Amino acid sequence: MIVIPAIDLIGGKCVRLYQGDFARQTTYEKDPVQQGREFQAVGFSRLHVVDLEGAREGTGQNRPVIQEVVKALKIPVQVGGGIRTRQDIAQLLGFGVSYLIVGTSALASPDEVTRWVDEWGPESLIVSLDLKMGKLRSEGWLEQSEVGLDEICERIVRWGIPQVICTDVESDGTLDHPNYQTYEDLGERLPGSIQLIAAGGVSQPEHIARLKRIGVSGAVVGRALYEGDVAWEELIHAG
């Protein structure tokens, strides 16, 4: 069970949204590079970075910051937000990003994702499934997709992509608890060979331990690391 700290970016700064709402944004003063170094120093073994403006607008305003973060760290970095074209893939892999998270593209442009898998292999990709009230969301959580869970799971299996990250939008940024039922249901749809990473509401060691018990392979922790009252080391070792 891998616990992955999150850095979400707007305007080059570390932020958190409440339930995916861009109007309910908290901005933190710490520089993203410094924040990443602190996560690495305490013992986290992977970093999760999301370009929220990229996710919403399909652009890469925060790419220079992402490049600096990747350059500064030795641990693998997974990046999502605004990865819509072959050029996006090539640029981010060129920065040294270890895993590219594709969400909107997986829903809206499956043929494009197939081409990326053919060119770079499935191991460098992670599919992001963002769920709100049981429905898949895209475009930075702003739009509801017409694609169903069964259909996207079939695509993931066909692509051979070995990791899936699922964010329960209603839990995200709340510090409450994960929506365990979401991950149990998704785990039943995906073969056991695919690693499922949970995001949204993970804030306590017991949350991570329970996710592990239901078969989740990883958990992304965000707001709890910036505002929570639990030592980071406790979260790292909870799984």
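These figures come from a predicted structure and were not determined experimentally. Only heavy atoms go into these numbers, but all of them, side chains included; no hydrogens, no water, no symmetry mates.
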Asp229 and Gln204, any side-chain heavy atoms less than 4.5 Å apart: yes
To the closest 0.5 Å, what do you measure between CZ (Arg155) and CD (Glu151)? 4.5 Å
Shortest non-hydrogen contact from Val113 to Ile161? CG1-CD1, 4.3 Å
Hey, are the side chains of Ser124 and Trp116 touching, using non-hydrogen atoms and a 4.5 Å cut-off? no
State, yes or no, whether a side-chain contact exists between Asp51 and Ile10 at a heavy-atom distance under 4.5 Å. no
Quick check on the hydrophobic clustering: are Ile4 and Val77 connected, directly or via other members, by side-chain heavy-atom contacts under 4.5 Å? no
Are Leu92 and Ile75 grouped together when hydrophobic residues (ILVMFWY) are joined by side-chain heavy atoms under 4.5 angstrom apart? yes
Only one of Ile101, Leu196, Asp130 forms a side chain to side chain contact (heavy atoms under 4.5 Å, CB included) with Ile165, so which one is it? Ile101
Within 45° cone and under 6.0 Å: Arg210 NZ/CZ vs Tyr180 ring: yes
Mind listing the closest non-hydrogen atom pair of Gly160 and Pro122 along with its distance? O-CB, 3.3 Å
Quick one: CH2 on Trp120 to CG on Leu93, what's the gap to the nearest 0.5 Å? 6.5 Å
Looking only at heavy atoms, the pair that brings Pro110 and Leu107 closest together is CD-O, 4.1 Å
Verify whether one side chain among Asn62 and Glu53 offers a donor that lies under 3.5 Å from an acceptor in the other. yes
Answer with yes or no whether the hydrophobic clustering places Val117 together with Val97; edges join I, L, V, M, F, W, Y residues whose side-chain heavy atoms lie under 4.5 Å apart. yes
Donor-acceptor side-chain pairing of Glu38 and Gln34 below 3.5 angstrom: yes
For Ala6 and Phe39, the nearest pair of non-hydrogen atoms, with its separation, is O-CE1, 4.1 Å
Group every Ile, Leu, Val, Met, Phe, Trp and Tyr by side-chain heavy-atom contacts under 4.5 Å, then state whether Val202 and Tyr226 land in the same group. yes
Looking only at side-chain N and O atoms, does Gln35 offer a donor or acceptor that is under 3.5 Å from a partner on Asp31? no
Validation row: Ile83, Ile89 side chains within 4.5 angstrom (heavy atoms): yes
Please report the interatomic distance CG(Leu190) to CG(Leu186), rounded to the nearest 0.5 Å. 4.5 Å
Heavy atoms of Val220 and Ala199 approach each other most closely as CB-CB, 3.9 Å
Return the CG to NE2 distance between Asp168 and His177, rounded to the nearest 0.5 Å. 9.5 Å
For the pair Leu131 and Thr167, evaluate side chain to side chain contact (heavy atoms under 4.5 Å, CB included) and give the outcome as yes or no after the intermediate values. CA-CA 6 Å; Leu131 290 168; Thr167 301; over 6 Å; no
Path from Val221 to Ile2 over hydrophobic side-chain contacts below 4.5 Å: no
Separation between CG of Leu100 and CG of Asp88, rounded to the nearest 0.5 Å: 9.5 Å
Listed pairs under 3.5 Å, donor-acceptor, residues 230-239 side chains, sequence neighbours left out:
unit_1	atom_1	unit_2	atom_2	d
Trp232	NE1	Leu225	O	3.1

A side-chain contact here means heavy atoms from C-beta on lying under 4.5 Å apart; do Pro64 and Glu68 qualify? no
Using side-chain heavy atoms (C-beta onward) and a distance below 4.5 Å, is Phe44 in contact with Gln40? no
Shortest non-hydrogen contact from Cys166 toward Thr182: SG-CG2, 3.8 Å
Evaluate the criterion side chain to side chain contact (heavy atoms under 4.5 Å, CB included) for residue pair Leu149 and Arg189; output intermediate values, then yes/no. CA-CA 8 Å; Leu149 263 181; Arg189 287 179 161 92; 3.8 Å; yes
Just one of Val69, Val42, Leu73 clears the side chain to side chain contact (heavy atoms under 4.5 Å, CB included) bar with Arg37, so which one? Leu73
Flag the pair Glu112 and Arg84 as a salt bridge only when some basic side-chain nitrogen lies within less than 4.0 angstrom of an acidic carboxylate oxygen. no
Are any non-hydrogen side-chain atoms of Cys14 and Asp8 less than 4.5 angstrom apart? no
Counterpart residues, side-chain contact (heavy atoms from CB on, under 4.5 Å), relative to Gln163 (two or more places apart): Arg46, Tyr99, Ile126, Gln195, Ile197
Can you measure from OG1 (Thr114) to CZ (Arg158) and round to the nearest 0.5 angstrom? 6.5 Å
